[in-house]
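Quick caveat: nothing in here was measured; it's all calculated off a predicted structure. Computation of the quantities below employed the complete heavy-atom set of this structure, encompassing side-chain atoms and omitting hydrogens, waters and symmetry-equivalent molecules.
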Amino acid sequence: MKRRITQTLADLANGITNPIAIPLIEELGLGEDQLKESARVLLSKILHQYGQFSIVTIDSFFNQVIRSFAREMGLQGTFNIDLDISKVLQKVIDDMLSDLGEESNLELRQWLSQFASNKVEDGKSWDFRSDVMSLASELLRDDFKPYSKDVLQLGEKQGIFNRILENLKQNQRGFELSCNRLASRALEKMDEYGGVDAFSRKASGPAGLFLKVLEGDYTISSSRRSAVDDLGKWLTKESIKFASLVNLLQDVVFPIYSELITYIDNNSKTYFSNQEISRYFFTYAILSNINSRLQSYREEEDTILISDLPDFIRQIINDSDTPFIYEKIGARFNHYLIDEFQDTSSFQWHNFKSLVKNSVDEGEFSMVVGDVKQSIYRWRGGEADLLHEKINEDIGQSLIQENTLDSNWRSAKDIVAFNNEFFGGMENLTAEIFDKLDETHSQYLQKKLNVFKDVRQLAENPTNGLIKLEFVESDSWISSSIKKTIEAVEDLQIKGYQLRDIAILTRTQREGKQIANAFMAHKVSSDAKEDLNYEVVSSEALYLYTAQSVRFIISLLKWIDHEKNDIALAEWIHELNLLNKQDYSFSDFRDWKSKVPKKFLQDLNE
């Protein structure tokens with residue numbers, strides 16, 4: 001990035017044509033000669049004070065601050081920063097599983113057994129290693145960091161998780177017993193007059209609520225709620241004439257019915273919350289153990305993880321004045337430019353906020369650049385609302401000037417036109433779809449739609465481009481889509497495009513792998529066009545096992561090692577046919593000797 005900036009300044013200073021020149025002249029109100037002179041002066045300043053020309057990632061800047069505060073943070077001067085988080089988590093989990101046999105880990109063994117049992121009940125494999133790995137990754141998320149210390153302290157108390165779980169279950173049992181007691185009292189009295197069947201709509205009517213509660217179902221329909229103290233909804237036109245039933249309802253059933261509904265309304269939220277917490281509470285205990293081991297790993301290895309940097313910075317900045325931070329790192333920054341701000345996490349912004357605000361309060365210029373619509377890193381802690389609204393609250397609306405860039409220099413004009421049309425009509429279309437939302441949800445939806453209020457752009461690229469949408473209505477839509485993708489690539493090559501001009505985007509890695517495999521299979525099939533290329537550049541395509549020749553050699557070696565292995569025989573015959581672009585049939589399996597060179601048979605017999 002430094003090279004690109006200095007190269008652009010050099011081009012401007014020397015009058016070399018650069019696409020950024022015209023926009024700069026228009027925006028700054030400069031003449032061509034003034035622009036050249038400004039670029040020359042700026043380039044000279046940068047080159048003579050290159051050490052102060054700093055372009056770094058947020059993590060690199062945080063690393064610099066942390067090393068400056070190592071002593072204050074209780075870190076050794078030689079501490080390392082581990083970038084491979086997954087490798088660290090894998091080691092910690094392996095250590096945890098290898099220690100399960102120890103008597104001190106009896107409780108952990110019970111939690112992991114419960115974890116495996118729940119997976120089996122859900123119809124999944126009992127092997128929980130990958131699930132534990134996924135669970136452990138939550139420990140490194142920014143939204144967990146504020147609670148990490150509390151979890152560590154809680155995990156140090158022997159048997160604490162079993163005691164908490166028992167309290168949760170005890171609360172659940174209390175709720176169930178109270179509901180059952182009320183329902184049983186009502187049904188006991190109703191049985192003296194014919195039971196639930198004596199009342200309107202029998203078990204489907206209001207009286208059926210008591211039966212549902214005894215079965216453990218605490219949902220209450222609106223029709224049953226409206227039946228409180230309403231004789232007309234409990235009795236038919238015939239039965240309402242019986243004074244005994246009317247007296248039973250008014251004196252006994254109605255008070256219990258009303259009390260039951262009120263009790264469920266007041267306590268069901270806590271009950272269901274306890275139920276869900278109890279169901280997954282073992283994961284919390286497992287997380288606590290992993291969290292403790294992760295902390296031990298940091299101390300033993302004298303290392304911190306790359307994901308720890310924002311949390312360390314938060315601790316530093318919360319207790320330090322901005323000038324002191326600059327003094328410690330040996331540099332002072334008056335201006336900040338944060339790019340791709342829509343993917344900045346709340347932790348990162350919290351750490352930068354005081355530095356940026358100090359700069360702005362001193363009258364200096366800072367800038368954040370981003371597009372909320374392009375926020376794609378929520379899984380990594382990115383928070384789009386920072387750019388959408390929170391930065392205004394943190395810095396102050398009076399100190400902020402918002403500029404929208406409405407010129408698109410990159411995309412072809414047809415693509416820009418399509419985006420303008422598609423996103424421009426989104427607000428009206430969404431309003432039609434969600435027209436029955438309550439006020440709270442409508443306000444939330446409108447806030448999200450406001451992101452697209454400035455979506456329209458001006459197309460500065462004269463290239464026409466092409467947008468083509470095709471909906472595949474088929475049960476086998478994946479294979480149909482892959483076939484159409486291959487045909488589209490063939491058509492583009494016929495029109496003169498090179499493979500390097502074509503990119504295929506998929507939503508998931510699995511879909512990308514399917515398409516890559518399909519291209520490689522099509523390449524050796526009889527349907528492939530001889531004058532076209534089907535090479536795919538992807539992570540999957542670079543694996544050795546994806547090469548037909550490699551698969552053929554491996555399957556052949558397996559068969560040579562054990563010639564009675566008919567599966568290996570079928571495999572290498574199949575791969576041989578693919579290499580020779582011949583259709584495979586089952587007869588090849590039995591008549592394979594006629595398909596191979598005689599020299600191969602001679603060598604095989606020797």
Practice item. Please name the pair of heavy atoms, one in V88 and one in Y297, separated by the smallest distance, quoted to 0.1 Å. Key: CG1-CE2, 3.5 Å
Review point. Short question: side chain of N18, backbone of I20 - any donor-acceptor pair under 3.5 Å?
Key: yes
Check your understanding: Do N517 side-chain atoms and K513 backbone N/O form a donor-acceptor pair below 3.5 Å?
Key -> yes
Check your understanding: For the atom pair NZ (K91) and CD (E301), what is the distance rounded to the nearest 0.5 Å?
Key -> 6.0 Å
Check your understanding: Does atom CD1 of I55 have more than 12 heavy-atom neighbours, drawn from other residues, nucleotides or ligands, at distances under 6.0 Å?
Key -> yes
Check your understanding: Crowded around E487 CD? As in, over 12 foreign heavy atoms under 6.0 Å?
Key -> yes
Review point. Just wondering, more than 12 heavy atoms not from E421 lying within 6.0 Å of its CD?
Key: no
Check your understanding: Do the side chains of E535 and K523 get nearer than 4.5 Å, heavy atoms only?
Key -> yes
Point to revise | Distance in Å, L399 CG paired with I391 CD1, rounded so as to fall on 0.5 Å steps | key: 11.0 Å
Revision key, fill the gap. Between S480 and V472, the two heavy atoms sitting closest are CB-CG1, 3.7 Å
Review point. Is the shortest heavy-atom distance from the side chain of I486 to the side chain of D527 under 4.5 Å?
Key: no
**Study point:** Donor-acceptor side-chain pairing of Q295 and R298 below 3.5 angstrom
**Key:** yes
Exercise for review: Could you give me the CA-CA distance, side-chain angles and deciding distance for I494 and D531, then say whether side-chain contact (heavy atoms from CB on, under 4.5 Å) is met?
Suggested key: CA-CA 9 Å; I494 292 171; D531 53 340; over 6 Å; no
Point to revise | Side-chain touch V369/L337, heavy atoms, less than 4.5 angstrom | key: yes
Check your understanding: Which word best sums up how the rings of F519 and Y534 line up, parallel for under 30°, tilted for 30 to 60°, or perpendicular for over 60°?
Key -> tilted
Practice item. Evaluate the criterion side-chain contact (heavy atoms from CB on, under 4.5 Å) for residue pair I504 and V536; output intermediate values, then yes/no. Key: CA-CA 10 Å; I504 300 172; V536 178; over 6 Å; no
Check your understanding: L499 versus V489: any side-chain heavy-atom pair under 4.5 Å?
Key -> yes
**Study point:** Whether N420 side chain and Q457 backbone form a donor-acceptor pair below 3.5 Å
**Key:** yes
**Study point:** S134 backbone acceptor or donor facing S137 side chain under 3.5 Å
**Key:** yes
Check your understanding: So, do F422 and L469 sit near enough that their side-chain heavy atoms are less than 4.5 Å apart?
Key -> no
Revision key, fill the gap. Rounded to the nearest 0.5 angstrom, the NZ-CD1 distance for K353 and I395 is 8.0 Å
Review point. Taking everything shown except E402 itself, do over 12 heavy atoms lie less than 6.0 Å from its CD?
Key: no
Revision key, fill the gap. Heavy-atom closest pair (G424 atom, R456 atom, distance to 0.1 Å) is CA-NH2, 4.4 Å
Check your understanding: Okay, side chain of S44, backbone of V41: is any donor-acceptor separation there less than 3.5 Å?
Key -> no
Point to revise | For the student: nearest non-hydrogen atoms of L139 and N291, plus distance | key: CD1-N, 3.7 Å
Exercise for review: List the atom of L30, the atom of I25, and the distance in Å for their closest heavy-atom pair.
Suggested key: O-CG2, 2.9 Å
Review point. Measuring from I290:CD1 to L294:CG, what's the distance to the nearest 0.5 Å?
Key: 8.5 Å
Review point. Is there a donor-acceptor contact under 3.5 Å from the side chain of K2 to the main chain of F53?
Key: yes
Review point. Where the side chain of N461 meets the backbone of R410, is there a donor-acceptor pair that is under 3.5 Å apart?
Key: yes
Review point. About how many Å separate CG of D501 and CD of Q493, when rounded to the nearest 0.5 Å?
Key: 10.0 Å
Review point. Would Q342 and E340 count as having a side-chain donor-acceptor pair, cut-off 3.5 Å?
Key: yes
Point to revise | Heavy atoms from other residues, nucleotides or ligands near CD of E364 exceed 12 (cutoff 6.0 Å) | key: yes
Study note, to complete from the structure: Shortest non-hydrogen pair, T463 vs A412, comes out as O-CB, 3.3 Å
Review point. Which pairs count as salt bridge (Lys or Arg N to Asp or Glu O under 4.0 Å) when at least one residue sits in residues 33-53, sequence neighbours excluded?
Key: E37-R40
Review point. So with a 6.0 Å cut-off around OH of Y50, is the heavy-atom count from everything else above 12?
Key: yes
Study note, to complete from the structure: Taken to the nearest 0.5 Å, the spacing of I93 CD1 from L89 CG works out to 6.0 Å
